[in-house]
Structures are given as structure tokens and as C-alpha cells.
Q: 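Take this structure, written in C-alpha cells, and hold onto it; I'll ask about it next.
FYI, the numbering just counts along the sequence from 1.
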Amino acid sequence: MHAYNRLPSSGQSSPQSPPTSPLSRSPRYRPRSSKSGRSPPKMLTQRLVWFLLSFLLKRQGIFLFAPLLYIAGILFYMGTVSFDIVPVITHRPPPGSVYRSPQLYEKLLPEMDSDNSSADAISTIWKHSYKVGEWRPCINKSSKGLPESNGFIFVEANGGLNQQRSSICNAVAVAGYLNATLVIPNFHYHSIWRDPSKFGDIYDEEFFNKTLEKDVRIVGSIPGNIMERFDHNMSNVYNFRIKAWSSIKYYTDTVLPKLLEEKIIRISPFANRLSFDAPPAVQRLRCLANYQALRFSNPISSLGQTLVARMKKLSVNNSGKYISVHLRFEEDMVAFSCCVYDGGDKEKLDMDAARERGWKGKFTKRGKVIRPGAIRLNGKCPLTPLEVGLMLRGMGFDKSTSIYLASGQIYDSERYMAPLLEMFPLLQTKEMLASAEELAPFQNYSSRMAAIDYTVCLHSEVFVTTQGGNFPQFLLGHRRYLYGGHSRTIRPDKRKLALLFDNLNNGWKSFKRQMLNIRSHSDSKGIELKRPNDSIYSVPCPDCMCKVNKIEDSRSSSTA
């Protein structure tokens, strides 16, 4: 007889069923079936898969080879698939890295020629208001006598016209500061410029000496009694090899003791050998030399002024105002830049030959990598005549504007100059303005020809610089000195221009708006004050000029 069960069955076994074993209720207990513990699959495929999984589970180390098996499977698969048809990937150069200006010109030309909105641009270009007043030249000359000289300084200036000019002014400053006698600088014969001109061929030597007579002793040659010590051979004189941009302190600490000992020293070469950051006494002498003492020789000055008068006569419709453009697109300039234009194979052959002539081996060194696209994007490519024309037309100057072009021999001029002449038919060069007889005395002297260009550019209403260098830097400062501190110079951002000339989606109105912004920026930057490391030859304020309040200036004018 069984005991009575008080608990509900809850669907479990009946009271008559035997009690379940405690092991069966244990979570660790798993009932064992026959030998395998599981029923094997019946299908052959299932059996094979089951066998493979069992094998892998028992030998887990085989998973280390799984990546190799996967790669082998992929390679096997690739061997069975044909890859004859693949997607074509086209490489697009970065915006601005390709010379597309001719295509842009063709697109904009119809709208450009039909645009009549330019309202006397050359007379209204400088709109920026300078409420604080203008600047006037104020270089004080010495009124004292000169003490006894500490010795003679002989310098050899190298480079082109304006690099030599920098050397002359720096030599005046060093000689005056060290109380030395300056020998009229000697000019190196440059392998590129190939100009044997002497100081007196380019500058008015008598005027130079007269202007500086109370500040610096200047002689044309070294006295014979001193040269006897050196067998009348300048190469026997002690030569200082001075580092570029040396401070005036170096000259007082190192050069002066040797000068006192030898009574004569030579500095060769002497280009950029004096720091721009100098005390006021040094800066005053630089200003005096550059802006007052250096005047071109009478033949150069006379022809230069004649060409200025002719440009003003040609510009009678614009009140005698004209634009001057310094264009650097000579063959050697294009070759040195390593930029690529649209000349094809001929251009490449010409540029390779020019690089080998001028800089043998420099551009063909092992490992040398040249990236024309990157050079263009960085704003280092010389602007072509076409690009200069597009820029000026966009800035509001129309076909009636007279332009004076200062440049050497333009590379492939017949092709590259054609669009510029089409946009500005009144364009002139010194060869067009002057007769062959007038130019004959200067024809084979690059520095004298550059001096003529310098004179005509100096007196233009607008000066446009398209490339860096000493020529535009000196003109920038000289124009500021003449025009109340304002340079009246357009200095375009060539990085922006590269992007604009490359954008064939640009319409005329959009392009013109961008060009007017560049023009306006040049106007606002026309007056600048010299920072410590700026060149005094490009930024004469405040070292060479004094600010005059407009109210005071008007009072002084009315009093006069």
C-alpha cells in the first residue's frame, strides 16, 4: 500500500509511477545513449559534414591554418574567373595644376568684347582712402665734416641691374658706418646678363659723389702708394667672404679691425651681405644712396624720359595715364621654372636645351623629381602674356588702355603675344616706341636696357608685377617714395589665379568679380610699414619717409 501524496501532480507522473532518480534531475547529468551518445545522420552528405566537423573540433590547432586555406581558395577562384573586362579609372589632375588658360580665353572672349561696363578704370583704380594722411620723403643729410678715414673698402657687385643696386647701397651704408672710404663698386661680368657695363655707364657718377660727399668718402680708384704694397694686384688684397644677411655688428667686430690693420680690404661677392634689420644710422645711408644719390646716366635718363613722354601722348584719351607690366616669360625664365604650357614636344625640347645651357646638370641630377602641377598650384609659374591680358581685362581695363611692356625676349613670342595684342592693341615696348638708332647705344647691354624699362615703369599710373625678383621690388619701393607712400602696384596672388584660369565653368561676370577683388586687395596693400626683416628698398616707410597728416598738409599748402 502506498502513502498518500498530498502534492499536486502538476502534470508529472501518477502516484503509481516509481519515483525518479535524483541523478536524472541533476543539471550535470546527461543521459548517455548508445556508443556515440548521438544519433548519426543517415544521409551520406550529412555523414561527411558531420565527420568533418567532428574532426575539426577534436583537432582545434588546425584553425591556425584557416587563413591560409582561405587565401588558397580565393586564389583558386581567381584562376577560374576572367578579368579581361575591368573598370577604367581616369586620373584627374588637381584643380589649377594644368595650363588651361587658352580654353578659358576662347570661352570668355565673346562676353569680354561685348562688355561695356568698364567706366574709365585707369582713372578710378586707386579708390582706397587713407584718412591718416600720406608719407613724404624725409632723409636727413649730414651737415658735419668727415673724420679721418679708417681705410679703403673695395666691393665687387654681382647680379643684374637691381641686385647691383642693392650692393651699391649696402656698400655706402657699411663704408659710412665704419668711417671708411668707398671705392666706386666694380661690377662682375655675369654669365647670364653678359653686360660689361661699368658704374659710370649706368649711373651718374658725378651726381652720386656729390650727393654723398658729406656722409661718405668716395673715390674712383685706390691710390697708387697703397696698391704698391700689393704689387698693384687687387687679388693680393685681403678678401672677406661674408655670409649673406650679416648684421652690422659683424662688420664692426670682424671687418673693422682688419680694415684698421690693412688700410684696405676687398669684399667679393657683395650681393645681399647686409641684414635688413639695421640701426637707424645704417638705414639712413641706405635711403640716401638708393632714393637720392643713384640716378641713371644722362644717355639712359634722356631716352627713358623720352619714352615716358611718348607713352603719355599715346594715352591722351586716358589723361596721359598708362599701365606698365613687368612680364617675365623669357626662355630662360620659363626653363628655370620647370612649368609646362601648351607647346607640346617642341616646348619640351626647347626647355631641356635651355636648362642644359644655363644650369648644366642641375635639373638632371639623379633622384631629381620635377612636378610642374605642384609648381603651378604653388603660384611659381610665370604668367603668360595671355594670362596677363585676361587678368587686366577682368580688372576693368579695356582696349583703349595703353600698356608699356617691360621684358626681355618673350619665348615663342609670335604665338604667345598674339592674344595679348588682341586684347590690348595699344601695347608698346621700348623696341616699338624707340627707333633702332635711338636704341643702338644700349642694344647689347642688358643692364642699360633694363634701366630704360625701369624709368618708364616708374612713371606709369599702374605698375603690374607678374613675377618676383629685384626689378619689381625696387620699383615697388621707389614708387612708394614718389607717390606719397602708395606703390600704385598690382601684385596678384598667383595661387588664386592658377585656380581661376583652370576653371572652365567660370562665366565672364564671375571671373571679372574675382579680378576686381584682386585689384582692390592690391590697392589696400599699397601703403605698408617696414617690418624688421623687410627690405628698405621695397618698403621705405618709415625709415626713409615721414607721415604727414592731411590737415597739416593742406595748411602747409595754403600757407605756401
Q: Could you name each residue pair satisfying side chain to side chain donor-acceptor pair (under 3.5 Å) that touches residues 489-504, not counting sequence neighbours?
A: Arg100-Asp502, Asn378-Arg495, Gln467-Lys494, Arg491-Glu528

Q: Who passes salt bridge (charged side-chain N to carboxylate O under 4.0 Å, His left out) against Lys141, sequence neighbours left out?
A: none

Q: Counting only heavy atoms from other residues, nucleotides and ligands, does the tally under 6.0 Å from NZ of Lys380 exceed 12?
A: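 Atom NZ in Lys380 is not crowded, with 12 or fewer foreign heavy atoms closer than 6.0 Å.
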
Q: Just say parallel, tilted or perpendicular for the rings of Phe501 and Phe511, cut-offs at 30° and 60°.
A: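 Rings of Phe501 and Phe511: tilted, as their planes differ by 30° to 60°.
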
Q: What's the spacing between Leu108 CG and Asp113 CG if we round to 0.5 Å?
A: 10.5 Å

Q: For the pair Tyr99 and Tyr341, name the ring-plane relationship: parallel under 30°, tilted 30 to 60°, perpendicular over 60°.
A: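 It falls in the perpendicular class, over 60°.
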
Q: Working to the nearest 0.5 Å, report the span between CZ of Arg165 and CD of Gln473.
A: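 The distance works out to 13.5 Å.
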
Q: Quick test of your reading of the model: are Asp352 and Arg355 salt-bridged, counting only N-O distances below 4.0 Å?
A: yes

Q: Rounded to the nearest 0.5 Å, what separates atom CG in Asn470 from atom CG in Leu161?
A: 9.5 Å

Q: Should the ring pair Tyr291 and Tyr481 be called parallel, tilted or perpendicular, given that the plane angle runs from 0 to 90° and is split at 30 and 60?
A: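 Rings of Tyr291 and Tyr481: parallel, under 30°.
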
Q: What is the distance from atom CG of Asp342 to atom CD of Gln103, rounded to the nearest 0.5 Å?
A: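 With rounding to 0.5 Å, CG (Asp342) is 7.5 Å from CD (Gln103).
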
Q: Which residues satisfy the ring pair (Phe, Tyr, Trp, His ring centres under 6.0 Å) test with Phe208, sequence neighbours excluded?
A: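 Scan of Phe208 (ring pair (Phe, Tyr, Trp, His ring centres under 6.0 Å), adjacent residues dropped) gives Phe199.
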
Q: Run the side-chain donor-acceptor check on residues 299-308: report pairs under 3.5 Å with partners two or more places apart or on a different chain.
A:
unit_1, atom_1, unit_2, atom_2, d
Thr306, OG1, Ser302, O, 2.9

Q: Can you check whether Thr466's main-chain N or O pairs, donor with acceptor, with Arg328's side chain at less than 3.5 Å?
A: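 No; zero donor-acceptor contacts below 3.5 Å.
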
Q: When you measure from the side chain of Ser487 to the backbone N and O of Leu476, does any donor-acceptor pair fall under 3.5 Å?
A: no

Q: Quiz question: by atom type and distance under 3.5 Å, do the side chains of Asn162 and Tyr454 form a donor-acceptor pair?
A: no

Q: Which label fits Phe329 and Tyr411: parallel for a plane angle under 30°, tilted from 30 to 60°, or perpendicular past 60°?
A: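 The rings of Phe329 and Tyr411 sit tilted, inter-plane angle from 30° to 60°.
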
Q: Out of curiosity, Lys430 NZ to Met449 CE, how far, rounded to the nearest 0.5 Å?
A: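 Result: 4.5 Å between the selected atoms.
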
Q: Could you give the distance from CD1 (Ile218) to CG (Asn209), rounded to the nearest 0.5 Å?
A: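 The CG atom of Asn209 is 5.0 Å from CD1 of Ile218, to the nearest 0.5 Å.
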
Q: Would you kindly say whether Asp398 and Ser400 are connected by a side-chain donor-acceptor distance under 3.5 Å?
A: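 There is such a pair (donor and acceptor under 3.5 Å, judged by atom type) between the side chains of Asp398 and Ser400.
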
Q: Got a donor-acceptor contact below 3.5 angstrom from the Arg480 side chain to the Pro540 backbone?
A: no

Q: Check whether any side-chain N or O of Ser97 sits under 3.5 Å from a backbone N or O of Leu377 as a donor-acceptor pair, and report yes or no.
A: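 No.
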
Q: With no hydrogens and no angle check, is any side-chain donor or acceptor of Arg519 less than 3.5 Å from a backbone partner on Ile490?
A: no

Q: Go through Leu288 and Val172 one step at a time and tell me if the side-chain contact (heavy atoms from CB on, under 4.5 Å) criterion holds.
A: CA-CA 9 Å; Leu288 187 60; Val172 167; over 6 Å; no

Q: Can you name the one residue among Ser538, Ser460, Cys457 that meets side-chain contact (heavy atoms from CB on, under 4.5 Å) with Arg479?
A: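 The passing option is Ser460.
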
Q: Between Thr384 and Glu387 (side chain of the first, backbone of the second, donor and acceptor by atom type, cut-off under 3.5 Å), is there such a pair?
A: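 Looks like yes, one N/O pair under 3.5 Å.
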
Q: If the threshold is 4.0 Å, N to carboxylate O, is there a salt bridge linking Asp204 and Lys210?
A: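 Salt bridge between Asp204 and Lys210, a charged N being under 4.0 Å from a carboxylate O: no.
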
Q: Do Cys546 and Cys138 have their SG atoms under 2.5 angstrom apart?
A: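 A disulfide, yes.
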
Q: Report yes or no: does Gln283 contribute a side-chain atom to a donor-acceptor pair with the main-chain N or O of Asp543 at less than 3.5 Å?
A: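 Such a contact is absent between Gln283 side chain and Asp543 backbone.
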
Q: Hey, is the main chain of Gly159 close enough, under 3.5 Å, to the side chain of Gln164 for a donor-acceptor pair?
A: yes

Q: The criterion is salt bridge (charged side-chain N to carboxylate O under 4.0 Å, His left out); which residues satisfy it with Lys365, sequence neighbours excluded?
A: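 If we apply the salt bridge (charged side-chain N to carboxylate O under 4.0 Å, His left out) test to Lys365, skipping adjacent residues, there are no hits.
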
Q: Please determine whether a side-chain nitrogen of the Lys or Arg among Lys512 and Glu111 lies less than 4.0 Å from a carboxylate oxygen of the Asp or Glu.
A: no

Q: List the atom of Glu438, the atom of Ala434, and the distance in Å for their closest heavy-atom pair.
A: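 Distance-wise, the nearest heavy atoms are OE1-CA, 3.3 Å.
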
Q: Would Tyr483 and Phe463 count as a ring-ring contact (aromatic ring centres under 6.0 Å, His included) here? Give the steps.
A: CA-CA 12 Å; Tyr483 303 124; Phe463 172 60; over 10 Å; no

Q: Determine, stepwise, if the pair Asp277 / Ser275 fulfils side chain to side chain donor-acceptor pair (under 3.5 Å).
A: CA-CA 5 Å; Asp277 188 9; Ser275 169; 5.6 Å; no

Q: Going by an N to O cut-off under 4.0 Å, is there a salt bridge joining Asp523 and Lys127?
A: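 Salt bridge flag = no for Lys127 with Asp523.
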
Q: Please say whether more than 12 non-hydrogen atoms of neighbouring residues, nucleotides or ligands are located less than 6.0 Å from CD in Glu206.
A: no

Q: Using a 3.5 Å distance criterion without hydrogens, assess whether the side chain of Lys362 forms a donor-acceptor pair with backbone atoms of Phe336.
A: no

Q: Give me the atom names and distance for the closest heavy-atom approach of Leu499 to Pro95.
A: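 That closest heavy-atom pairing would be CD2-O, 3.3 Å.
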
Q: More than 12 foreign heavy atoms under 6.0 Å from CZ of Arg415: is that the case here?
A: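 More than 12 within 6.0 Å, yes.
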
Q: Can you sort out the partners of Asp215 under salt bridge (charged side-chain N to carboxylate O under 4.0 Å, His left out), two or more places apart, ordered by chain and number?
A: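 Salt bridge (charged side-chain N to carboxylate O under 4.0 Å, His left out) check on Asp215 returns Arg284.
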
Q: Got a donor-acceptor contact below 3.5 angstrom from the Arg286 side chain to the Tyr537 backbone?
A: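 A pair under 3.5 Å: no.
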
